[in-house]
Undergrad: 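Have a look at this one.
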Amino acid sequence: MALLDDYELEELDFASNPNHRSGYVAVLGKPNVGKSTLANQMIGQKLSIVTDKPQTTRHRILGICSGPEYQMILYDTPGVIEKKMHKLDSMMMKNVRSATINADCVVVLVDACKEPQKIDEVLEEGVGNLKDKLPTLLVLNKKDLIKPGEIAKKLEWYEKFIDVDEVIPVSAKYGQGVDDVKDWILSKLPLGPAYYPKDIVSEHPERFFVGEIVREKIFMQYRNEVPYACQVNVVSYKTRPTAKDFIQVEIVVEKNSQKIILIGKEGKALKLLATAARLDIEDFLQKKVFLEVEVKVKENWRQDEGLLKYYGYGGQIQAL
Ligand SMILES: Nc1nc2c(ncn2[C@@H]2O[C@H](COP(=O)(O)OP(=O)(O)OP(=O)(O)O)[C@@H](O)[C@H]2O)c(=O)[nH]1
Ligand SMILES: [Mg+2]
């Protein structure tokens, strides 16, 4: 695994290959359709967290998929929602829009298990009224969950009623059809040199992913509203040459009752969470770490624009 932290920009040495293609791809869709699963499959590494709950992804997450002849820079985005309950939701939707600003093409996912439906809201929120219509692919995801005859019917519906350049059935979870998606993207990318070193998979700092892993474990361990009320901040990250790396994480919740749930009886629930997160973080970083997790209450943080910006929802992902 390589992140941009490991590189000095001036060391970049772009190959001058006249057939090389590179560009930006926005991955859009409603919540829970499998955007992050597809992005991870394409990159070949789990960068975005995946859960069975809607509104898992909150930022636009940049993942880089490179080959000898190409570099696709994917933006995984938050699921498009109609009702914006909190300022956080509105900021998440801004992150959807900002992913498409520089995009060379757009991939819209829909869930093959659901009744066929228009993708107008997704395009409206994501692409808005960008002057030039971007090449758009519709991915009919989760095809593993329905019968081949059903897939054919749904494919026909989408091809007939939705104005996109192509429709491809895929199972992002099992990697089926993912190469077809890559080929389609490749055909839409302009000729040009790579933007990033070829072995880089993201430009976000390691600590961003550490926070996301903790958030994934919260989604997995706690129910109902609790995971949605959590913000995870990596407040300290110290690499230590003679000891395990030391990572200090704070989980911010909105109410004391949520703090009590997170901590659990005699702190057992939080301990369980910290262990599950640590194991995944160690797997991600490929080294042992010491993880300290603390829970804090900040009332209504999801409505507080200043705090939301501080937490990095204003656009560029930043390390606190
Ligand atoms: N069976 C099956 N499940 C899938 C497939 N793709 C995704 N899933 C599951 O669908 C759920 C949602 O996947 P995500 O990748 O988190 O979806 P998302 O669109 O990124 O969701 P948000 O970030 O909440 O908008 C998870 O439980 C995935 O395992 C697929 O091809 N087949
Ligand atoms: Mg996601």
Side-chain angles (χ1 to χ4, degrees), residues 25-63 74-86 88-97 99-100 106-114 117 119 121-123 125-126 137-148 150-151 154-155 167-182 202 204 208-209 211-213 215-225 227-232 280 302 313 317:
V25 185
V27 181
L28 309 176
K30 292 206 173 151
N32 223 31
V33 292
K35 299 176 294 299
S36 299
T37 308
L38 179 70
N40 289 342
Q41 275 286 0
M42 290 185 61
I43 295 153
Q45 188 182 332
K46 188 172 161 193
L47 274 188
S48 292
I49 60 169
V50 168
T51 79
D52 58 1
K53 304 203 175 58
Q55 290 186 264
T56 299
T57 305
R58 287 179 179 168
H59 297 270
R60 55 166 198 175
I61 298 174
L62 182 144
L74 304 177
Y75 272 121
D76 177 20
T77 62
V80 168
I81 47 169
E82 286 153 69
K83 263 201 199 145
K84 295 164 191 86
M85 311 274 283
H86 301 96
L88 172 64
D89 298 327
S90 313
M91 287 178 105
M92 278 161 58
M93 292 310 107
K94 276 195 191 147
N95 287 338
V96 175
R97 177 69 60 91
T100 61
V106 173
V107 175
V108 179
L109 271 79
V110 292
D111 187 334
C113 309
K114 300 252 166 77
Q117 48 186 282
I119 56 167
E121 305 144 39
V122 171
L123 288 177
E125 195 71 63
L137 168 69
L138 192 127
V139 167
L140 191 56
N141 189 32
K142 309 196 187 183
K143 72 168 184 170
D144 55 288
L145 294 176
I146 61 170
K147 295 195 184 99
E150 281 296 302
I151 299 169
K154 288 187 174 163
L155 202 60
V167 185
I168 301 179
V170 159
S171 167
K173 187 169 180 175
Y174 299 105
Q176 295 155 354
V178 173
D179 284 341
D180 298 334
V181 174
K182 272 192 185 175
S202 186
H204 307 319
F208 167 73
F209 295 106
E212 287 291 275
I213 292 169
R215 215 160 56 75
E216 182 184 67
K217 301 305 165 213
I218 296 173
F219 265 104
M220 290 164 93
Q221 191 175 318
Y222 301 92
R223 284 187 287 170
N224 304 329
E225 182 63 11
Y228 295 100
C230 290
Q231 161 65 23
V232 176
D280 257 29
R302 281 185 285 179
Y313 292 106
I317 287 171

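Read the numbers this way: they start at 1 and go in the same order the structure lists the ligands and their atoms. Everything quoted here is computed from the prediction, not taken from an experiment.
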Undergrad: Give me the nearest non-hydrogen protein atom to atom 17 (O) of ligand 1 as residue plus atom name, then the distance to 0.1 Å.
TA: Gly34 N, 3.1 Å

Undergrad: Mind checking whether Pro31 has an N or O less than 3.5 Å away from an N or O of ligand 1?
TA: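 N/O-N/O distance below 3.5 Å does not exist for this pair.
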
Undergrad: Using a strict threshold of under 4.0 Å (side-chain N to carboxylate O), is an ion pair present between Arg215 and Glu212?
TA: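 Salt bridge flag = yes for Arg215 with Glu212.
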
Undergrad: Side-chain contact, heavy-atom cut-off 4.5 Å: Lys35 with Thr57?
TA: no

Undergrad: So which protein heavy atom does atom 1 (N) of ligand 1 come closest to, and at what separation?
TA: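 Here the nearest protein heavy atom works out to Asp144 OD2, 2.8 Å.
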
Undergrad: So do Val170 and Lys143 actually touch side chain to side chain, heavy atoms under 4.5 Å?
TA: no

Undergrad: Of the protein's non-hydrogen atoms, which lies at the shortest distance from atom 28 (C) of ligand 1, and what is that distance?
TA: Val50 CG1, 3.7 Å

Undergrad: Among protein heavy atoms, which sits nearest to atom 11 (C) of ligand 1, and what does the distance come to when rounded to 0.1 Å?
TA: Thr51 O, 3.5 Å

Undergrad: Name the closest protein heavy atom to atom 6 (N) of ligand 1, giving the residue it belongs to and the distance to 0.1 Å.
TA: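 Residue, atom and distance for the closest contact: Asn141 ND2, 3.2 Å.
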
Undergrad: Quick check: His59 with Phe208 (ring centres under 6.0 Å apart)?
TA: yes

Undergrad: So for atom NZ, which belongs to Lys114, do other residues, nucleotides or ligands contribute more than 12 heavy atoms lying within a distance under 6.0 Å?
TA: no

Undergrad: For ligand 1, find out whether one of its N or O atoms is nearer than 3.5 Å to an N or O atom of Thr77.
TA: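 No, there is no polar N/O contact under 3.5 Å.
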
Undergrad: Judged by atom type as modelled, is there a donor-acceptor pair below 3.5 Å linking the side chain of Asn141 to the main-chain atoms of Leu109?
TA: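 No.
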
Undergrad: Which option out of Gln176, Lys30, Gln41, Lys35 puts a heavy atom nearest to atom 19 (O) of ligand 1?
TA: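 Looking at heavy atoms only, Lys35 sits closest to atom 19 (O) of ligand 1.
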
Undergrad: Considering heavy atoms of the protein only, find what lies nearest to atom 27 (O) of ligand 1 and give residue, atom and distance to 0.1 Å.
TA: Asp52 CA, 3.4 Å

Undergrad: Looking only at protein heavy atoms, identify the closest one to atom 8 (N) of ligand 1 and say how far it is in Å.
TA: Lys142 CE, 3.8 Å

Undergrad: Counting only heavy atoms not in Lys182, do more than 12 sit closer than 6.0 Å to its NZ atom?
TA: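 Buried by this count: over 12 neighbours within 6.0 Å.
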
Undergrad: Should the pair Asp111-Lys142 be classified as a salt bridge under the 4.0 Å nitrogen-to-oxygen rule?
TA: yes

Undergrad: Looking at atom 3 (N) of ligand 1, what's its closest protein heavy atom, distance included?
TA: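 Residue, atom and distance for the closest contact: Lys173 CD, 3.6 Å.
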
Undergrad: Is it the case that ligand 1 has an N or O less than 3.5 angstrom from some N or O of Ala172?
TA: yes

Undergrad: Does either side chain, that of Lys30 or that of Gln117, offer a donor lying less than 3.5 Å from an acceptor on the other one?
TA: yes

Undergrad: Considering only heavy atoms of Leu145, which atoms of ligand 1 have at least one such atom less than 4.0 Å away?
TA: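 It comes down to these atoms of ligand 1: 1 (N).
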
Undergrad: Suppose I only count heavy atoms of Gly79 and a 4.0 Å limit; which atoms of ligand 1 are within that range?
TA: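 Answer, ordered by atom number: 25 (O).
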
Undergrad: Has Asn40 got a side-chain atom pairing as donor or acceptor with Thr37's backbone, closer than 3.5 angstrom?
TA: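 Not confirmed, Asn40 side chain does not pair with Thr37 backbone.
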
Undergrad: Counting backbone and side-chain atoms alike, does Thr37 have an N/O/S atom under 2.8 Å from the Mg ion (ligand 2)?
TA: no

Undergrad: Ile61 versus Tyr75: any side-chain heavy-atom pair under 4.5 Å?
TA: no

Undergrad: Identify, by atom number and element, the atoms of ligand 1 in contact range of Lys53, meaning under 4.0 Å from any of its heavy atoms.
TA: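 Atoms satisfying the 4.0 Å criterion: 24 (O).
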
Undergrad: Mind checking whether the Mg ion (ligand 2) has an N, O or S of Thr56 under 2.8 Å?
TA: no

Undergrad: Is there any N or O on Val33 that sits under 3.5 Å from an N or O of ligand 1?
TA: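 So ligand 1 has an N or O lying under 3.5 Å from an N or O of Val33.
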
Undergrad: What do you get for the angle at the Mg ion (ligand 2) between OG on Ser36 and OG1 on Thr57, to the nearest 10 degrees?
TA: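 Nearest ten degrees: 90°.
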
Undergrad: Less than 4.0 angstrom from a charged side-chain N to a carboxylate O is my criterion; do Asp280 and Lys217 meet it?
TA: yes

Undergrad: Within a distance under 4.0 Å of any heavy atom of Pro54, pick out the atoms of ligand 1 and give their elements.
TA: 24 (O)

